[in-house]
Amino acid sequence: MRTNRMLCGVGLVVALGLGAGCAHDEAKYARTQGEKVGQAFAEKVRFADQLALLDQEQIALGRLAVERSSHPEVRRFAQLLIRDHENHLNDLRALAEGQAFSLALVDLNTQDTATGGAGWEGAEKGAHKGVKAYDKKVDKQVRAFVERRDELASLGGADFDQAFLDQVNEDQERGKKLVAEGLDDYRGDTSLALLLGRTAPVLQSHQRQIDTLKGFIGD
């Protein structure tokens, strides 16, 4: 009987140990999955940030062209560029609000830098991975844009128009690549996929108009 009680005791300890191990494994698995979810969400937020930054850049360039271009067709295109990217930025803001995150917004008329958008509170550790590196990336992008804009602002006449159109064309091409990546990575996100599907034709239309305008002002 004594032996049996000892065996039963050992059995109980072993059983309790296995239970604790299972609980520990489940908690570890939950943390790991939470981090993965948080990291994936953060990556989507940063993708949306890049689209928002593109919109803000194009709006700023469009406003500059409205002020400085001497060509009526270039100014008309600049107004269209502003309208389209303001509409897109508003759509992005609505998407972000619906999915409980914020976008990185910055006043590109100043030297102020931006910080990345913020995700939701859950899966905090995963969501915050790479935040400092990403914020540095965004700051670098903003500074580079400010330099390009200031260089563009120093030009006048046909030189300004040509440089403006070249810069916007390059930016729209970057936007098309972003959209293609997003459609591939976030096809399961219906709201984002629909927004991206509407974005690509607009960017392509801008590039077609740029090609036409270059014919007006001369290469």
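Please read these numbers as outputs of a predicted model, since none were measured by experiment. Hydrogens, waters and symmetry mates play no part in the numbers below; they use all other heavy atoms, side chains included. We count residues from 1, following the sequence as given.
When side chains are defined from C-beta on, N87 does not count as touching V202, because their heavy atoms never get closer than 4.5 Å. Between F164 and L155 there is no side-chain heavy-atom pair separated by less than 4.5 Å. With a 4.5 Å cut-off on side-chain heavy atoms, V74 and P72 do not count as touching. At a threshold of 4.5 Å between non-hydrogen side-chain atoms, the residues H88 and L195 count as touching.
When each of Q207, Q209, H206, Q204 is paired with Q172, the side-chain hydrogen bond (donor to acceptor under 3.5 Å, both in side chains) condition holds for H206 and for no other.
Counting all heavy atoms, side chain and backbone alike, G175 lies closest to L203 at C-CD1, 3.5 Å. Minimum heavy-atom separation, A193 to Y186: CB-O, 4.0 Å. Taking both residues in full, the closest heavy atoms of L196 and G182 are given as CD1-C, 3.5 Å, listed atom of the first, atom of the second, then distance. Pairing each heavy atom of L61 with each of V168, the nearest pair is CD1-CG2, 4.2 Å. The two atoms that bring A78 and V66 nearest to each other are CB-CG2, 3.8 Å, heavy atoms only. Minimum heavy-atom separation, A48 to L103: CB-CD2, 3.7 Å.
The list of salt bridge (Lys or Arg N to Asp or Glu O under 4.0 Å) pairs with a residue in residues 190-211, not counting sequence neighbours, reads D91-R198. For residues 50-75, no pair satisfies ring pair (Phe, Tyr, Trp, His ring centres under 6.0 Å), with sequence neighbours left out. Listed by first and then second residue, the salt bridge (Lys or Arg N to Asp or Glu O under 4.0 Å) pairs involving residues 70-84 are E73-R76 (not counting sequence neighbours).
Among residues two or more places apart in sequence or in another chain, the salt bridge (Lys or Arg N to Asp or Glu O under 4.0 Å) test is passed with E151 by none. Applying the salt bridge (Lys or Arg N to Asp or Glu O under 4.0 Å) test to E86 and every residue at least two apart in sequence or in another chain returns R63. Legend: residues meeting salt bridge (Lys or Arg N to Asp or Glu O under 4.0 Å) with D185, ordered by chain and number and at least two apart, are absent.
Using modelled atom types and a 3.5 Å distance limit, the side chains of D166 and Q162 yield a donor-acceptor pair.
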Practice problem: Evaluate side chain to side chain contact (heavy atoms under 4.5 Å, CB included) for F77 paired with I210, printing each intermediate quantity in order. | Solution: CA-CA 8 Å; F77 170 70; I210 288 170; 3.7 Å; yes
Quiz item: side chain to side chain contact (heavy atoms under 4.5 Å, CB included) between V138 and Q50: does it pass, once the steps are laid out?
Solution: CA-CA 8 Å; V138 174; Q50 290 300 304; 4.3 Å; yes
Practice problem: Assess whether salt bridge (charged side-chain N to carboxylate O under 4.0 Å, His left out) is satisfied between E170 and R148, documenting all intermediate values. | Solution: CA-CA 12 Å; E170 181 180 325; R148 293 196 308 273; 5.8 Å; no
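Distance alone, capped at 3.5 Å, places no donor-acceptor pair between the Q167 side chain and the A163 backbone. Side-chain N or O atoms of S205 include none that pairs as donor or acceptor with a backbone N or O of P201 at under 3.5 Å. Looking at R149, its side chain never comes within 3.5 Å of a backbone N or O of A60 through a donor-acceptor pair.
Put simply, OG1 on T199 and CG on L51 are 7.0 Å apart, with the number rounded to the nearest 0.5 Å. Note that the CZ atom of R68 and the OG atom of S70 stand 10.0 Å from one another [nearest 0.5 Å]. With values rounded to the nearest 0.5 angstrom, L81 atom CG is found 10.0 Å from L165 atom CG. Rounding to the nearest 0.5 Å places CZ of R46 at 12.5 Å from CZ of F101. D171 CG to E57 CD: the interatomic distance, rounded to the nearest 0.5 Å, is 5.5 Å.
No path of Ile, Leu, Val, Met, Phe, Trp and Tyr side chains, each step under 4.5 Å between heavy atoms, connects L54 with V142, placing them in separate hydrophobic clusters. Linking ILVMFWY side-chain heavy atoms closer than 4.5 Å, directly or via other members, places F41 and L192 in a single hydrophobic cluster.
Here K176 pairs with E173 in a salt bridge; the nearest charged N to carboxylate O distance falls below 4.0 Å.
Atom CD of E97 is surrounded by 12 or fewer heavy atoms from other residues, nucleotides or ligands within 6.0 Å.
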